[in-house]
Amino acid sequence: MATPTRTHHCSELRAEHVDQTATLAGWVNSYRDHGGVIFIDLRDRKGITQIVFRPSQPETHALADRLRNEDVIQVKGTCIKRQEGMANPKLETGDIEIEAQTLVILNKSDTPPFTPDEAHKVGEETRLQYRFIDLRQKRMQKILKTRHRVTKIMRDYFDEHEFYEIETPFLCKSTPEGARDFLVPSRLQEGCFYALPQSPQLFKQILMVGGLERYMQIARCFRDEDPRADRQAEFTQLDVEMSFINQDDIIELIEGLLRRLWKDVLDITVPEIARISYAEAMTRFGSDRPDMRFGMELVDIGDLASQTDFKVFTGAIENGGSVQAICVPGGAKLSRKQTDALAVWVKDFGAGGLPIVKVDNGSLATGVAKFLGPIADQLIEKMGAQDGDLICFGVDSKIKTVHRVLGELRVKLAHDLDMIDPNDWKWIWVIDFPLVEWNEDAKRWDSLHHPFTAPHEEDVEKIASDPGAAKSLAYDIIVNGSEIGGGSIRIHQQEVQKQVFGLLGISPEEARSKFGFLLDALRFGAPPHGGIALGLDRLVMHLENTTNIRDVIAFPKTQNGADLMTQAPSPVSDDQLAELSLRPAVKIEA
RNA sequence: GGGAGUGUAGCUCAACUGGUUAGAGCACUGGACUGUCGAUCCAGAGGUUGCGGGUUCGAAUCCCGUCACUCUCGCCA
């Protein structure tokens, strides 16, 4: 077999190469056999070039007659200019073609289940099963190229800022907090298990105590939880940690990175990114990851609600709850059927229902309008509502539910009513998160970020006196309503860490057994430090304008955690199990 | 764990209210054709209607169960 070399890529040849000899190699993208002359569109990573086979080269022509889609071939021939009217403006290389002298079939392909050109209309299940074909389509190649550029830019950027890229272990100690761990049985220590890292959190802090000062890693993380459109069990983070810095340093550093990424990939300039507090984000947008591309901010109308006889409103307020509203511009055009569907939809977020009114001729109509007569004018004014608008109410005895319902609703309505400019980008930092949040079910305080997040210095006393009011030095970076990263300044003093563990109900014994190494590290000269992690998959999703995380991962998993190509996970042999001292509760034959 | 949706030829889809032999386009096979580029023309082959059960004279269609895939609530410090 000939060596599959080539002199040019399939995107390169132009009129200026006419009369030159060229050797190309690639896949048969399509073939057109005219009995005499045969045309092949030859494809490689970079483009497509048309090859012509003429009967005047009988041996080569006979070989070419057998070519089918996705055969891998090597062609040597002469670059010739296409005659007048025969150029193909759809191809970069459409002014020329290669007149083949020799053809080598490097590898004949079985009939493919689909071709790269039609992959975009093939079901995802089939694409994932034959991922090696799917990856040949232009879109997938572009996405993976972008992903490569993003990680390259990250490494260059942090290198310029004197960060070291340091690997951390995959085989880690299991900590039951947070997400469910993926467990790996130990062969050498019977009955014991490693866990795959949910993130390199503790290791990167240890690196700071270890004096490395600036660390970054493109880190694979594992969380054994149910997936969503934008998240799967195995994902990648840009992980960063720095010593002797404050929150502003991290924010400025990451803004610089985002600026370079968007400029380089999309030629879009990232402006100085505004910061809002968690409290403000919740009050105005009902969410800690507000989408700032549209309005419809939440308005507290508790004062007006209590002036009505509408029991839904007054009842909620009497129970210590809240009545809030959003004004949906042009929302009055929604049909009864559509608003009824919204009322069902909001129940997923804990709402009892969705009271609405439409604004018509300067007054309220339909829905709950008949209950709101006394406050109609004030409501319209307070909401800034116009004729043709829809006002949706969030009502509950818990303000948290009201925020959630209206926060989710405003995003859904903005999409449904096409209120978002697809070319708009809105970045925002959310800062000053509460340190902890009361978990009503478990009757305890939970970390909002994680247990190593530092409180504001002036709030340290509140850990004991008023934990819910203590704010943390945590920050999330949001783009278009999507959280693409978050981090915090860490606790670097053993005393404070002990207090936080105490607040979280982690006993000293428990803390010692789970995080003893961290507590030790904090005793021996831990510098002040902090960091952040950005979701690489989500970042690439934004840059490539997809809502499907599987699009930006070469070999993704399905919702069931399966790899449809390799058929993982799979049963294993009894021998393998015995070696690991494992006995499954459910046995599936290997 | 819950809710919703999808599953028919290799691929994308159709098949009325349960009713003849489950169709079409692309792909595939054979043939024709010397300028196509979504080639064209002629002919052909290709089906466990995801799987299992049930109702019925009769099931792709209705019912129950199950599996896979998607979206989603819970979950994801």
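Protein chains get the first letters and strands the later ones, always in sequence-line order, with residue 1 at the start of each.
- Residue A:Leu564 is classed as a sugar-phosphate contact, given heavy-atom separations below 4.0 Å to backbone atoms only.
- Both distances falling under 3.5 Å, in either a Watson-Crick or a G-U wobble arrangement, occur for no nucleotide opposite B:rC37.
- Side-chain atoms of A:Gln137 and A:Arg127, non-hydrogen and from C-beta on, do get closer than 4.5 Å to each other.
- Contact of the A:Tyr475 side chain with the A:Ile532 side chain is registered, since non-hydrogen atoms from C-beta on lie closer than 4.5 Å.
- Panel note: side chain A:Arg289, backbone A:Gly481; a donor-acceptor pair is recorded below 3.5 Å.
- Two residues are said to be in side-chain contact when any heavy atoms from C-beta on lie closer than 4.5 Å; A:Thr93 and A:Asn88 fail this criterion.
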Margin query: Base contacts versus sugar-phosphate-only contacts with protein, heavy atoms under 4.0 Å: please encode nucleotides 4-10 of chain B as B, S and - from 5' to 3'.
Written below: ------S

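- Straight-line distance from the CG atom of A:Asn548 to the C1' atom of B:rU70: 9 Å, rounded to whole Å.
- Put simply, the side chain of A:Gln50 and the base of B:rU36 share a donor and an acceptor less than 3.5 Å apart.
- The CG-C1' distance, from A:Asp551 to B:rU70, rounds to 13 Å in whole Å.
- With sequence neighbours excluded, the residues forming a side chain to side chain contact (heavy atoms under 4.5 Å, CB included) with A:Thr115 are A:Asn69, A:Pro112, A:Asp117, A:Glu118, listed by chain and number.
- Contacts of A:Gly123 with the nucleic acid, taken as non-hydrogen atoms under 4.0 Å apart, involve only primed sugar atoms and P, OP1 or OP2.
- Scanning all heavy atoms of the two residues, the minimum distance from A:Pro455 to A:Ile491 falls at CD-CG1, 4.3 Å.
- In a base pair of the Watson-Crick type (N1 to N3 plus N6-O4 or O6-N4) or a G-U wobble (N1-O2 and O6-N3), with each distance short of 3.5 Å, B:rA24 is matched with B:rU12.
- A tilted orientation is assigned to the rings of A:Phe452 and A:His450, their planes being inclined by 30° to 60°.
- Residue contacts shown for A:Gln232 are absent, as no nucleic acid heavy atom lies under 4.0 Å away.
- For the pair A:Phe222 CZ and B:rC76 P, the computed distance is 19 Å after rounding to whole Å.
- Across all strands shown, B:rU56 has no partner, as no Watson-Crick or G-U wobble contact with both distances under 3.5 Å is found.
- The main-chain N or O of A:Glu495 is never found under 3.5 Å from a side-chain atom of A:Gln493 such that the two would form a donor-acceptor pair.
- Taking a 4.0 Å limit (strictly below) on heavy-atom distances, residues 346-354 of chain A reaches RNA chain B at A:Asp348, A:Phe349.
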Quick test: give all pairs of protein nitrogen or oxygen and nucleotides 42-47 of chain B nitrogen or oxygen below 3.5 Å, distance rounded to 0.1 Å.
none

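- Remark: side-chain polar atoms of A:Thr546 are paired, donor with acceptor, to backbone N or O of A:Asn548 under 3.5 angstrom.
- No engagement by A:Ala233 is indicated, since no non-hydrogen atom pair under 4.0 Å with the nucleic acid exists.
- Using modelled atom types, no side-chain atom of A:Asn560 and backbone atom of A:Ala562 make a donor-acceptor pair closer than 3.5 Å.
- A 3.5 Å limit on both hydrogen-bonding distances identifies no Watson-Crick or G-U partner for B:rG18.
- Within 3.5 Å, a donor on the side chain of A:Arg228 pairs with an acceptor on the base of B:rG74, or the reverse.
- Across all strands shown, B:rG65 pairs with B:rC51; the Watson-Crick or G-U wobble distances both stay below 3.5 Å.
- Rounding to whole angstrom units, CG of residue A:Asn69 and C1' of B:rC11 are separated by 12 Å.
- In terms of phosphate contacts, A:Arg404 brings a side-chain nitrogen or oxygen within less than 4.0 Å of OP1 or OP2 of B:rG74.
- Considering only heavy atoms from C-beta on, A:Phe555 comes within 4.5 Å of A:Met565 through its side chain.
- Taking CD of A:Glu510 as the start and OG1 of A:Thr175 as the end, the distance is 11.0 Å to the nearest 0.5 Å.
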Next item on the list: Decide ring pair (Phe, Tyr, Trp, His ring centres under 6.0 Å) for A:Phe501 and A:Phe515; before the verdict, give the C-alpha distance in whole Å, the side-chain angles of both, and the deciding distance to 0.1 Å.
Entry: CA-CA 10 Å; A:Phe501 281 155; A:Phe515 309 114; 5.3 Å; yes

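- The interatomic distance linking A:His34 (NE2) with B:rU34 (P) rounds to 10 Å, in whole Å.
- Between the side chain of A:Arg231 and the base of B:rC75 there is at least one donor-acceptor pair of N/O atoms closer than 3.5 Å.
- Across all strands shown, the partner of B:rA4 is B:rU70, judged by Watson-Crick or G-U wobble contacts whose two distances both fall under 3.5 Å.
- Residue A:Arg66 qualifies as open at atom CZ: its count of foreign heavy atoms under 6.0 Å is 12 or below.
- Using the Watson-Crick or G-U wobble rule with both distances under 3.5 Å, B:rU29 pairs with B:rA43.
- At a cut-off of 3.5 angstrom, counting only N and O atoms as typed in the model, there is no donor on one side facing an acceptor on the other between the side-chain of A:Arg550 and the base of B:rC69.
- Side-chain atoms of A:Arg82 come within 3.5 Å of backbone N or O of A:Gly94 as a donor-acceptor pair.
- Comparing atom distances between the A:Val37 side chain and each of B:rU72, B:rA39, B:rU34 picks out B:rU34 as nearest.
- When the P atom of B:rU12 is taken as reference, atom OH of A:Tyr130 falls 11 Å away, rounded to whole Å.
- Residue contacts for A:Asp117: at a heavy-atom cut-off of 4.0 Å it reaches no nucleic acid atom on any strand shown.
- Considering only the side chain of A:Gln559, B:rU70 comes nearest among B:rC37, B:rU12, B:rU70.
- Base engagement by A:Ala87 is indicated by at least one non-hydrogen atom pair under 4.0 Å involving a base atom.
- In this structure, the CG atom of A:Leu128 is 12 Å from the C1' atom of B:rA68, given to the nearest Å.
- Between A:Asp65 and A:Arg32, the residue anchored closer to the 5' end of RNA chain B is A:Asp65, taking for each the nucleotide with the nearest heavy atom.
- Note on A:Gln83: nothing from the nucleic acid sits closer than 4.0 angstrom, heavy atoms only.
- Within residues 434-451 of chain A, the residues approaching RNA chain B are A:Ser447, A:Leu448, A:His449, A:His450, A:Pro451, by heavy-atom distance under 4.0 Å.
- Of all nucleotides listed (B:rC37, B:rA68, B:rA39), B:rA39 comes nearest to the side chain of A:Ser30.
- A donor-acceptor pair is defined here as one N or O able to donate and one able to accept, closer than 3.5 Å; no such pair exists between the side chain of A:Asp41 and the backbone of A:Asn29.
- Nearest nucleotide to the side chain of A:Asp226, out of B:rC37, B:rG1, B:rC76: B:rG1.
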Report each atom pair, protein N/O against N/O of nucleotides 29-31 of chain B, whose distance is under 3.5 angstrom.
unit_1 : atom_1 : unit_2  : atom_2 : d
B:rU29 : OP2    : A:Arg68 : NE     : 3.2

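- Other residues, nucleotides and ligands contribute over 12 non-hydrogen atoms within 6.0 Å of the NZ atom of A:Lys557.
- Distance CD (A:Glu408) to P (B:rU72): 11 Å, rounded to an integer number of Å.
- Exactly one residue among A:Val540, A:Leu536, A:Leu534 makes a side chain to side chain contact (heavy atoms under 4.5 Å, CB included) with A:Thr236. That residue is A:Leu536.
- Within 6.0 Å of atom CG in A:Asp110, 12 or fewer heavy atoms from other residues, nucleotides or ligands are found, so the atom counts as exposed in its surroundings.
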